[in-house]
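To keep things clear, I will list the structure first and then write my remarks on it.
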Amino acid sequence: MKDIVRVKTGVYGLDSLLEGGIPDKRVIIASGSPGAGKTTLGVQFLRTGAKRGETGIYLSILEDPRIVVQDQSKYEPELVKMYKDKKLLFVD
């Protein structure tokens, strides 16, 4: 059987739990109650891709993208710059 290619999440400790990261080209759903860390997980994953030169998009139905960027910038101070440089796109 062929080895599964994995993509790093950028979340400390999570990649080792996931045996190297999220399986490439798979659909992943993060679910949980408010405050469980779904937004943080998603934004950290996109930030990791942006640092590798990839462009990512975060789609929100309920939250104002500016608030998401502001809240998440405490984990990654460069997030605001990535947002302004359109390396991370936030859509509501």
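Here the side chains of Thr55 and Leu88 are not in contact, with every heavy-atom distance at 4.5 Å or above. The closest side-chain heavy-atom distance from Phe90 to Asp64 is not below 4.5 Å. Counting heavy atoms from C-beta outward, Gln72 and Thr39 have side chains that approach closer than 4.5 Å. Looking only at side-chain heavy atoms (C-beta outward), Glu76 and Thr48 stay at 4.5 Å or farther from each other.
Atoms CD and OH, on Gln44 and Tyr12 in that order, are 13.0 Å from each other to the nearest 0.5 Å.
Nearest heavy-atom pair, Lys38 versus Ala30, reported as atom, atom and distance to 0.1 Å: CD-O, 3.6 Å. Taking each heavy atom of Lys74 and Asp71 in turn, the nearest pair found is CG-O, 3.2 Å. Of all heavy-atom pairs between Ser16 and Gly13, the closest is OG-O, 2.9 Å. Closest heavy-atom contact between Ile22 and Leu18: CG1-CD1, 4.1 Å. Taking both residues in full, the closest heavy atoms of Val69 and Leu79 are given as O-CD2, 3.8 Å, listed atom of the first, atom of the second, then distance.
Through direct or indirect side-chain contacts shorter than 4.5 Å among Ile, Leu, Val, Met, Phe, Trp and Tyr, Val91 is connected to Ile57, Leu59, Leu89.
Criterion: ILVMFWY side-chain heavy atoms under 4.5 Å apart, direct or through other members. Under it, Tyr58 and Ile67 are not part of a common hydrophobic cluster. Criterion: ILVMFWY side-chain heavy atoms under 4.5 Å apart, direct or through other members. Under it, Tyr75 and Val43 are not part of a common hydrophobic cluster.
Between the side chain of Lys87 and the main chain of Gly56, no donor-acceptor pair closer than 3.5 Å is present. Not a single donor-acceptor pair under 3.5 Å links the side chain of Asp15 to the backbone N or O of Lys8. Between the side chain of Arg47 and the backbone N or O of Gly10 there is at least one donor-acceptor pair closer than 3.5 Å.
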Q.
Applying salt bridge (Lys or Arg N to Asp or Glu O under 4.0 Å) to Glu78 and Lys84, what does each step give before you reach the verdict?
A. CA-CA 10 Å; Glu78 291 182 35; Lys84 288 180 180 175; over 6 Å; no

Q: Output, in order, the C-alpha distance, side-chain angles, deciding distance and verdict of side chain to side chain contact (heavy atoms under 4.5 Å, CB included) for Leu14 and Leu41.
A: CA-CA 10 Å; Leu14 183 57; Leu41 172 65; 3.6 Å; yes

Q: Tell me, with the steps shown, if Val7 and Arg26 meet side chain to side chain contact (heavy atoms under 4.5 Å, CB included).
A: CA-CA 10 Å; Val7 178; Arg26 304 275 178 91; over 6 Å; no

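Side chains of Ser73 and Tyr83: no donor on one and acceptor on the other come within 3.5 Å. Side-chain contact of Asp92 with Ser60: a donor-acceptor pair under 3.5 Å is absent, judged by distance alone.
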